[in-house]
Number of protein chains: 2
Amino acid sequence: MAKERVTVVEIAHAAGVSKSTVSLVLQGSPLVNETTRAKVSAVIRDLGYVYNRGAANLRQSNSKSKIIGIVVNDLTNSFFAELAVGVDMVVQSAGYVQFLSNSGENIDRQREVIASMREHGISGLIVSPARGTEAADLKPLVASGIPVVVVVRNVPGAKVSSLMSDNHAGVMAAVEHLVGIGHRRIAFLGGFADTAVFGERLEGYRDAMRKAGLEAADDLVIGSAPSRAGGVDAVTRALAIVDRPTAAVCFNDAVAFGVCDGLRAKRLEPGRDFAVVGFDDVIEAKTAVPALTTISVDPQGMGQRAAQLLLKQISAGKVDAEAIVASVRLVVRQSCGAGRLNDGKRIAS
Amino acid sequence: MAKERVTVVEIAHAAGVSKSTVSLVLQGSPLVNETTRAKVSAVIRDLGYVYNRGAANLRQSNSKSKIIGIVVNDLTNSFFAELAVGVDMVVQSAGYVQFLSNSGENIDRQREVIASMREHGISGLIVSPARGTEAADLKPLVASGIPVVVVVRNVPGAKVSSLMSDNHAGVMAAVEHLVGIGHRRIAFLGGFADTAVFGERLEGYRDAMRKAGLEAADDLVIGSAPSRAGGVDAVTRALAIVDRPTAAVCFNDAVAFGVCDGLRAKRLEPGRDFAVVGFDDVIEAKTAVPALTTISVDPQGMGQRAAQLLLKQISAGKVDAEAIVASVRLVVRQSCGAGRLNDGKRIAS
DNA sequence: GGTTTTAATTGGAACGATCCAAATTTGTCA
DNA sequence: TGACAAATTTGGATCGTTCCAATTAAAACC
């Protein structure tokens, strides 16, 4: 059943030329005569030849493998799925393929998959690091000259490029908007307190509150798992506070959806009885009811940018780490109630 | 910056043995003496050697590459993202890595990525085919003895293994349940009419309606994009029918969520004023409000099964196509209203 | 026509691992 | 201790491609 591979030598023999010529044809060299090129190409098609990249980049000096690796911490989160799609798009059209793995927030597994990718000779890596990733985990990569781009979360101390969204500014804009439409008791809900991203967003919240002359009481920030279930949990606790908040900016969209769920379970209508703002602008944010007001980071675009950055470094051959913070904008929809209260930026569901 | 690779020969030299011995150590052969093994291992660690799988499976007879490919038609759909996660789990723990690509429902791109994967010598492929995929697209793979497992959607005529959920039985169970709690006008919403999956589910709907002695009027089946937005669209049209349906089984969960959105926009509460049943049981189905009654297919489990099936075929060396239909079960939650009407199978939000 | 230029083609050595048969060391036993 | 077996170790040869220097064929020039 399992036929053996057709090789260049067999092509060469069948076409009556040397393997070198076949190789030349394969890489589209201008050195070869048009008629022989046509002849060889025909044979290649007829025999069903498949190129063996493994053999090729064994010979090609420093393993330019046309493979880039991408590992994300949670592929079931649609933010990361879309990020991966964005990466795939540009990577694919540049003639690369992507090794994608899901670390599932497990640092040992992340180490394994990165090691495995290295063995396969990836020529670059995009990673959204699992919690607790240290600079040492990426060290060997950069030491062997493989470009690395970390996205979403930073890895302090690692000399690699990073692409992060402007968490601080985003949350500030959200809080300012809520203040602008009259809210005073604004909570910050969801997220694990020990992550850098949480820290940045929380700082944005605190700064904006301070700037507005409002109190950011500690009981108004309630951590939880950064998931839909976590959001339900967080809002339930928030509503138990004696002096209830009237609005919340959430750690991310998943939490925000959970918050909406939790509100409904308490017979409160998000947008009308309680303002909710998310972070990420995942694809469902637009079509949900009520449509989610959120801070847009365009995960797909972010994936594309990360991929472009990586490809640039690969082709440049040198790795000078640059830290890019992607700007971010507040998308006002219905879940914050603004549509009814002021400017009519309401978007049809 | 870019150090050159350390090779076995250098290890051998540094450890004072031959490259053959180093190779033996690398593959954990029992032929090598413990003390030399320790010595060599130490050197390997010290020099920061990375195994070159490309070179290895060039020599290893029929390119057993430890790479499996997986291509899905829409990674932004969380069903497929979870499927990929399931595949990754078992594939990873079997020592393989996965090439993942997103065809984005584009058949040309699918062809490209499959070709590229072949060039990289994948030893198996799991594919959730893009719409319009033909047997010819998979032909070359099976001809060269590479096991292929198609999931979710069938490719008629292709001699490959398939793993599909029992669409017919699932939808039948859903309709029967709705009939059981008193509904008579039941719609079938969403999905592209030209897909096999749609056909199977629609057939299940028709059979169940007929069995219950109900009319399955043509205006009760309304196609749309299989997405949240499509669901909104479909239910809007459904509500415009003079003799309104009181319940709907939806093409999938994404559509079902859209249907809920569309109902709310018309001031109807899903579960109370209109029964909604989905298909897939994606992760959000449980936490949504109301929790979605749906036909559970456990995408992650399906990915795992697909991967196991593929690995079995890879190790068996022979490709005898088997068609598995994964059984499916109705999960009764709140969106169908059953929680209030009868057996109290209500699940806490 | 002979010589230089240009265009096309080619054989062999490499890439970094594994495999195999053969060589070496070590151990066992009469 | 010598013979024989078992345990280790080891040089090529090899996988399928690309690279390089060198060769051949065709074209151009005086």
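Please read these numbers as outputs of a predicted model, since none were measured by experiment. All values below were derived from every heavy atom in this structure, side-chain atoms included, with hydrogens, water molecules and symmetry-related copies excluded. Letters go in sequence order (proteins before strands), and every chain restarts at 1.
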Which residues satisfy the side chain to side chain donor-acceptor pair (under 3.5 Å) test with A:D298, sequence neighbours excluded?
none
Give the rounded distance in Å between these two atoms: CD of A:E10 and P of D:dG16.
8 Å
Just call it for A:T7: base, sugar-phosphate, or nothing, with non-hydrogen atoms closer than 4.0 Å on any strand.
sugar-phosphate
Rounded to the nearest Å, what distance is computed from the NZ atom of residue B:K66 to the C1' atom of nucleotide C:dT18?
16 Å
Test of understanding: with side-chain contact (heavy atoms from CB on, under 4.5 Å), list the residues that count as partners of A:D46, not counting sequence neighbours.
none
Axis-to-axis angle across the helix from C:dG1-D:dC30 to C:dA30-D:dT1, five pairs each end, nearest 10 degrees, ~ 50°
I need the CG-C1' distance between A:L58 and D:dT18, as an integer number of Å.
10 Å
Can you check each nucleotide of nucleotides 6-14 of chain C against protein heavy atoms at under 4.0 Å and return B for base, S for sugar-phosphate only, - for none, in 5' to 3' order?
--SSBBBBB
Counting only N and O atoms by type, is there a donor-acceptor contact under 3.5 Å from the side chain of B:Q110 to the main-chain atoms of B:A130?
yes
Could you check how far OH of A:Y51 sits from P of D:dT17, rounded to whole Å?
8 Å
All ring pair (Phe, Tyr, Trp, His ring centres under 6.0 Å) counterparts of A:Y51, not counting sequence neighbours
none
Distance-only polar pair, side chains of A:S101 and B:Q98, donor-acceptor under 3.5 Å:
no
Sequence neighbours excluded, every pair satisfying salt bridge (Lys or Arg N to Asp or Glu O under 4.0 Å) that has a member inside residues 115-133 of chain B
A:R53-B:E119, B:R131-B:D194
Looking at B:S128, is its backbone amide N or carbonyl O close enough to the side chain of B:R153 to form a donor-acceptor pair, meaning the two atoms are under 3.5 Å apart?
no
Rounded to whole angstrom units, what separation is found between the CG atom of B:N57 and the C1' atom of C:dC19?
15 Å
Mind calculating the distance between NZ (B:K39) and C1' (D:dT8) to the nearest angstrom?
12 Å
Please report, rounded to the nearest Å, how far the P atom of D:dG16 is from the CG atom of B:N52.
16 Å
A:D74 side chain vs A:G104 backbone, donor-acceptor pair below 3.5 Å:
no
Would you say the side chains of A:Q27 and A:S23 form a donor-acceptor pair under 3.5 Å?
yes
By nearest-nucleotide position on DNA chain C, the 5'-leaning member of B:Q27 and B:G54 is B:G54
